[in-house]
Amino acid sequence: MNSTNASISAKPASTLPPEPASLHVGGLTPLTTTDFPGLLAAVVFCQGCPWQCGYCHNPHLIPREGEGGMSWAQVKAFLLRRQGLLDAVVFSGGEPTLQSGLTQACREARALGFKTGLHTAGPYPARLAEVLPELDWVGMDIKAPFAGYDRITGVPGSGERARESLLRLLDSGVDYEIRTTVHPHLCSAEQVSLLAQELAGLGVRRYVLQEFRAQGCADSALNLASGRDFAWAEVREALQPLFQDFSIRSA
Ligand code: SF4
């Protein structure tokens with residue numbers, strides 16, 4: 001190696017500008033009014049998820065290598081054209097915290113003037129802790145009582161990871177919504193009540209139950225279920241007093 005060139009480029013690491021984020025993006029929704037409360041947002045769908053929920057409505061985003069997709073540079077070019085028109089960027093998936101470039105991508109979105117949101121199921125608590133200072137809002141999916149998580153995700157130990165992520169989110173002070181998708185064949189009213197008590201005990205104040213949506217779900221047996229198979233009225237009555245803010249979101 002030429003020693004002169006080496007000495008010219010050898011700046012202390014702290015003075016180097018950060019590398020642009022690298023993010024594996026499976027798709028982009030240019031405008032939504034429902035993915036970041038109260039704001040107009042674009043949604044960046046990150047490719048890859050370590051879990052295998054049967055009711056997943058984005059199963060094409062589960063493999064780490066998807067077909068098509070786009071680069072973060074392409075997403076940024078889109079965001080530059082939307083400055084002043086959009087309020088926020090939401091990183092969704094798949095599971096965004098799978099990707100090491102997430103924190104830097106959030107910084108870059110904020111530097112462009114956007115608020116940042118995250119949809120996560122919490123499989124990577126350390127990555128979530130790293131990105132939380134760069135976030136304005138988090139929607140976290142909690143799937144079942146923590147001891148019974150594997151039945152939904154298909155992955156041993158997933159409940160512990162989700163619980164750890166939830167604690168980190170609650171500790172951070174970042175605004176949030178905790179939500180649980182209710183599929184009547186996967187989660188009984190008793191299990192939902194048990195989970196709600198666990199969440200309230202951990203300090204959750206804002207909780208939403210979401211009715212399972214068949215749209216996008218690849219499991220034909222699960223798609224046959226009807227919301228009428230679940231005791232919504234009884235669950236509402238039992239859960240409402242546990243939270244400052246509780247609601248049920250219809251399919
Ligand atoms: S955690 Fe979310 S993205 Fe991953 S498989 Fe489950 S529902 Fe799909």
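Counting starts at 1 for both ligands and their atoms, following the listed order.
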Taking only non-hydrogen atoms of [X], do any sit less than 4.0 angstrom from ligand 1?
{"X": "Lys143", "result": "yes"}
{"X": "Ile62", "result": "yes"}
{"X": "Gly94", "result": "yes"}

With Leu199 as partner, the option from Leu242, Leu170, Val204 fulfilling side-chain contact (heavy atoms from CB on, under 4.5 Å) is Val204

Thinking salt bridges, do Glu95 and Arg127 make one under a 4.0 Å N-O criterion?
-> no

Could you check atom 4 (Fe) of ligand 1 against the protein and tell me its nearest heavy-atom contact, residue, atom and distance included?
-> Cys49 SG, 2.3 Å

Atom 8 (Fe) of ligand 1: closest protein heavy atom, distance to 0.1 Å, is Cys56 SG, 2.4 Å

Does Cys53 put an N, O or S atom under 2.8 Å from atom 8 (Fe) of ligand 1?
-> no

Any chance the side chains of Glu108 and Trp72 put a donor and an acceptor closer than 3.5 Å?
-> yes

Does NZ or CZ of Arg206 come closer than 6.0 Å to the centre of the six-membered ring of Tyr176, within 45° of the ring's axis?
-> yes

Any Thr116 side-chain heavy atom under 4.5 Å of Phe36 side chain | no

Can you tell if the side chain of Leu239 reaches within under 4.5 Å of the side chain of Ile248, non-hydrogen atoms only?
-> no

Against heavy atoms of Trp51, which atoms of ligand 1 measure under 4.0 Å?
-> 5 (S)

